[in-house]
Amino acid sequence: MFKSGFVTIIGRPNVGKSTLLNWIMGEKLSIVSCKPQTTRNNIQTILTEDNFQLVFVDTPGIHKPKHKLGEYMVKIAEDSIKEVDLVLFLTTPEIEVGKGDMHILEQLKQCDVPVFLVLNKIDENTADKVAETLKNYSEVFNFTEIIPISALKGKNVDELKTLMVKYMPEGPKYYPEDMVTDQQERFIVAETIREKALRLLSQEVPHGTAVEIIAMKKSDNGTYHIDANLLCEKDSHKGIIIGKNGSMLKKISTYARQDIENFLGTKVNLQLWVKVKKEWRDSNNLLKELGYKK
Ligand SMILES: Nc1nc2c(ncn2[C@@H]2O[C@H](COP(=O)(O)OP(=O)(O)OP(=O)(O)O)[C@@H](O)[C@H]2O)c(=O)[nH]1
Ligand SMILES: [Mg+2]
């Protein structure tokens, strides 16, 4: 019997949703950073094995939005619950169930598919804290399965995979078996650049960045030529992103190029420009242009 279905990974920002997705897929398809609100779109990936196909949705962290971009992110994450066969609710050892998680669990009470409690980051927490958290969470919600994992180290992830397959219905191959994601190459390239900006910049600067691919062409010798705009919200941020003698921009561009070369499997020539688009996170038009609107 062939089993298949859709699985959403939801939780607060920074709990390790994208890290888990990448570990399951065995390749980096969703960007990761130590800063909250890294993922901004629902990212769909497909894992096909002999007897099953799991279609995952990595979602933005659910938080209290402060601008229209945030509202969009939370809406698509919450909407994903309605369209799947299984929900992975990801959280980290906190002992008490916090307000943010309570808010998500309230919404999950309305859904009629299995919900797993996936407690991540057990590698950096004591066994006592893990046990206490599991106990407190299971008192406020009736989870179908409970599993502590480390997405970073891959601990218990195979066990999680087996459990997910157990709850999948019999079904078709929704996607061809060699397809791993529905994201375009362009999107992954843009995300890779944004990831480096998130990692290298600090405070509020990286959260106001976005990436626009202007051109992406392959030349006869196989090299990709990519031109991209790195957008930011303020003139003062532009200076910080460029850095002294262009040093910060060079760093972002070098790290991004290395990852993009690995991803595309060929040499890349990346030209990065910094542009200011004031308050883009609250502009419906700009959000639409940047792909943050349905
Ligand atoms: N120690 C430890 N760190 C982890 C683990 N999983 C993820 N992290 C770290 O947690 C941070 C956030 O990881 P992400 O995967 O970007 O988290 P996310 O839930 O996708 O975050 P958003 O996209 O902002 O909602 C990164 O620094 C990861 O390296 C884990 O199992 N153990
Ligand atoms: Mg993420």
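Values reported hereafter were calculated over all heavy atoms of this structure, with side chains retained and with hydrogens, waters and symmetry mates removed. Since the model is a prediction, treat every value here as computed from it, not as a measurement.
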Chemist: More than 12 foreign heavy atoms under 6.0 Å from CD of Glu177: is that the case here?
Modeler: no
Chemist: Can you measure from OG1 (Thr19) to NZ (Lys153) and round to the nearest 0.5 angstrom?
Modeler: 12.0 Å
Chemist: State plainly whether one hydrophobic cluster holds both Val115 and Met164, where clusters connect Ile, Leu, Val, Met, Phe, Trp and Tyr through side-chain heavy atoms under 4.5 angstrom apart.
Modeler: no
Chemist: State whether a side-chain donor-acceptor pair under 3.5 Å links Asp128 with Thr126.
Modeler: no
Chemist: Testing the basics here: between Glu159 and Ile147, what is the closest heavy-atom pair and its distance to 0.1 Å?
Modeler: CB-CD1, 3.9 Å
Chemist: For Tyr174 and Gly5, work out which heavy atoms get closest and say how close.
Modeler: CE1-N, 4.1 Å
Chemist: Rounded to the nearest 0.5 Å, how far apart are CD1 of Ile122 and CG of Leu152?
Modeler: 11.5 Å
Chemist: Quick one: ring-ring contact (aromatic ring centres under 6.0 Å, His included) pairs with a partner in residues 8-49, sequence neighbours left out?
Modeler: none
Chemist: For Met25, give me all partners under side chain to side chain contact (heavy atoms under 4.5 Å, CB included), at least two apart in sequence or on another chain.
Modeler: Leu21, Leu29, Thr45, Leu47, Phe56, Val180
Chemist: Mind checking the NZ-CE spacing from Lys196 to Met248? Nearest 0.5 Å is all I need.
Modeler: 13.5 Å
Chemist: Any side-chain to backbone donor/acceptor pair from Thr181 onto Gln44? Under 3.5 Å, distance only.
Modeler: yes
Chemist: For residues Ile9 and Val118, determine if any side-chain heavy atom of one lies less than 4.5 Å from a side-chain heavy atom of the other.
Modeler: no
Chemist: Quick one: does Val189's side chain get under 4.5 Å of Val268's, heavy atoms only?
Modeler: no
Chemist: Before giving the answer on side chain to side chain contact (heavy atoms under 4.5 Å, CB included), spell out for Gln271 and Asn269 the whole-Å C-alpha distance, their side-chain angles and the decisive distance to 0.1 Å.
Modeler: CA-CA 7 Å; Gln271 294 286 337; Asn269 176 4; 3.9 Å; yes
Chemist: Is Glu212 paired with Lys275 through a side-chain N to carboxylate O contact shorter than 4.0 Å?
Modeler: no
Chemist: Indicate yes or no: does Lys109 engage Glu106 in a salt bridge with an N to O separation below 4.0 Å.
Modeler: yes
Chemist: The test is side chain to side chain contact (heavy atoms under 4.5 Å, CB included); show your working for Phe89 and Phe141 and say whether it passes.
Modeler: CA-CA 11 Å; Phe89 168 69; Phe141 192 90; over 6 Å; no
Chemist: Should we say atom CG of Asn221 is surrounded by more than 12 heavy atoms from elsewhere, each under 6.0 Å from it?
Modeler: yes
Chemist: Who pairs with Lys82 by salt bridge (Lys or Arg N to Asp or Glu O under 4.0 Å), at least two apart in sequence or on another chain?
Modeler: Asp79
Chemist: Given 3.5 Å as the limit, does a donor-acceptor pair link the side chain of Thr266 with the main chain of Gly222, or not?
Modeler: yes
Chemist: What about Leu286 and Met73, same hydrophobic cluster or not, with Ile/Leu/Val/Met/Phe/Trp/Tyr joined at side-chain heavy-atom distances under 4.5 Å?
Modeler: yes
Chemist: Should Leu108 and Ile10 be marked as a side chain to side chain contact (heavy atoms under 4.5 Å, CB included) after you check the CA-CA gap, both sets of side-chain angles, and the distance that decides it?
Modeler: CA-CA 10 Å; Leu108 289 177; Ile10 67 161; 4.0 Å; yes
Chemist: Can you name the closest pair of heavy atoms from Val87 and Ile81 and give their distance?
Modeler: CG2-CG2, 4.3 Å
Chemist: Do other residues, nucleotides or ligands put more than 12 heavy atoms under 6.0 Å from Asn245 CG?
Modeler: no
Chemist: Within the side chain of Lys3, is there an N or O that forms a donor-acceptor pair under 3.5 Å with the backbone of Val165?
Modeler: yes
Chemist: Just jot down the side chain to side chain contact (heavy atoms under 4.5 Å, CB included) partners of Val205, sequence neighbours excluded, or say none.
Modeler: Leu201, His237, Ile240, Ile241
Chemist: Mind checking whether Glu191 and Gln183 have side chains closer than 4.5 Å, heavy atoms only?
Modeler: no
Chemist: Assigning hydrophobic clusters by single linkage (Ile, Leu, Val, Met, Phe, Trp, Tyr; side-chain heavy-atom cutoff under 4.5 Å), is Ile24 placed with Leu163?
Modeler: yes
Chemist: Indicate the atoms forming the closest heavy-atom contact of Leu20 with Leu90, along with that distance.
Modeler: CD2-CD1, 3.8 Å
Chemist: Could you check whether Thr133 and Glu94, counting side-chain N and O atoms only, form a donor-acceptor pair closer than 3.5 Å?
Modeler: no
Chemist: Establish whether Ile242 and Leu200 are linked, either directly or via other cluster members, by ILVMFWY side-chain heavy-atom contacts under 4.5 Å.
Modeler: yes
Chemist: Is atom CD of Glu204 surrounded by more than 12 heavy atoms (other residues, nucleotides or ligands) closer than 6.0 Å?
Modeler: yes
Chemist: Can Leu270 be reached from Leu230 by stepping across I, L, V, M, F, W or Y side chains whose heavy atoms are under 4.5 Å apart?
Modeler: yes
Chemist: Do you know the tightest heavy-atom contact between Pro148 and Val130?
Modeler: CB-CG1, 4.1 Å
Chemist: Taking it one step at a time, do Thr192 and Asp259 satisfy side chain to side chain donor-acceptor pair (under 3.5 Å)?
Modeler: CA-CA 7 Å; Thr192 306; Asp259 273 22; 5.7 Å; no
Chemist: Strictly distance-based, threshold 3.5 Å: is any side-chain N or O of Arg199 a donor or acceptor partner for the main-chain N or O of Val32?
Modeler: yes
Chemist: Is it true that the side chains of Ser80 and Thr59 contain a donor and an acceptor less than 3.5 Å apart?
Modeler: no
Chemist: Hey, are the side chains of Pro60 and Asn42 touching, using non-hydrogen atoms and a 4.5 Å cut-off?
Modeler: yes
Chemist: Any heavy-atom pair between the side chains of Asn136 and Glu139 that's under 4.5 Å?
Modeler: yes
Chemist: Rounded to the nearest 0.5 Å, how far apart are NZ of Lys17 and OG1 of Thr91?
Modeler: 9.5 Å
Chemist: Asn285 and Ser283: side-chain donor and acceptor closer than 3.5 Å?
Modeler: no
Chemist: Please identify each residue that fulfils ring pair (Phe, Tyr, Trp, His ring centres under 6.0 Å) with Tyr175, with sequence neighbours left out.
Modeler: none
Chemist: Got Val276 and Lys234 here, is their nearest side-chain heavy-atom distance under 4.5 Å?
Modeler: no
Chemist: List the atom of Ser4, the atom of Pro172, and the distance in Å for their closest heavy-atom pair.
Modeler: OG-O, 2.7 Å
Chemist: When rounded to the nearest 0.5 angstrom, what distance separates OG1 in Thr38 from CG in Leu198?
Modeler: 5.0 Å
Chemist: Give a yes or no on whether the backbone of Lys121 and the side-chain of Lys155 come within a donor-acceptor separation of less than 3.5 Å.
Modeler: no
Chemist: Relative to the ring of Tyr167, is the ring of Phe116 parallel (under 30°), tilted (30 to 60°) or perpendicular (over 60°)?
Modeler: perpendicular
Chemist: Near Gln184 CD, under 6.0 Å, is it more than 12 heavy atoms from other residues, nucleotides or ligands?
Modeler: no
Chemist: Taking the side chain as everything from C-beta on, heavy atoms only, tell me whether Ile146 gets closer than 4.5 Å to Tyr137.
Modeler: no
Chemist: Going by heavy atoms in the side chains, are Phe2 and Gln53 under 4.5 Å from each other?
Modeler: yes
Chemist: According to salt bridge (charged side-chain N to carboxylate O under 4.0 Å, His left out), does anything in residues 31-58 pair up with another residue at least two apart or in another chain? List the pairs.
Modeler: Glu49-Lys161
Chemist: Verify whether one side chain among His67 and Asp282 offers a donor that lies under 3.5 Å from an acceptor in the other.
Modeler: no
Chemist: Within the side chain of Thr223, is there an N or O that forms a donor-acceptor pair under 3.5 Å with the backbone of Ser219?
Modeler: no
Chemist: Could you verify whether a donor N or O on one side chain and an acceptor N or O on the other, from Thr209 and Arg194, lie under 3.5 Å apart?
Modeler: no
Chemist: What verdict does the side chain to side chain contact (heavy atoms under 4.5 Å, CB included) test give for Lys66 and Arg281, after you've listed the backbone C-alpha separation in whole Å, the side-chain angles of each residue and the deciding distance to 0.1 Å?
Modeler: CA-CA 10 Å; Lys66 295 199 177 72; Arg281 284 187 290 178; over 6 Å; no
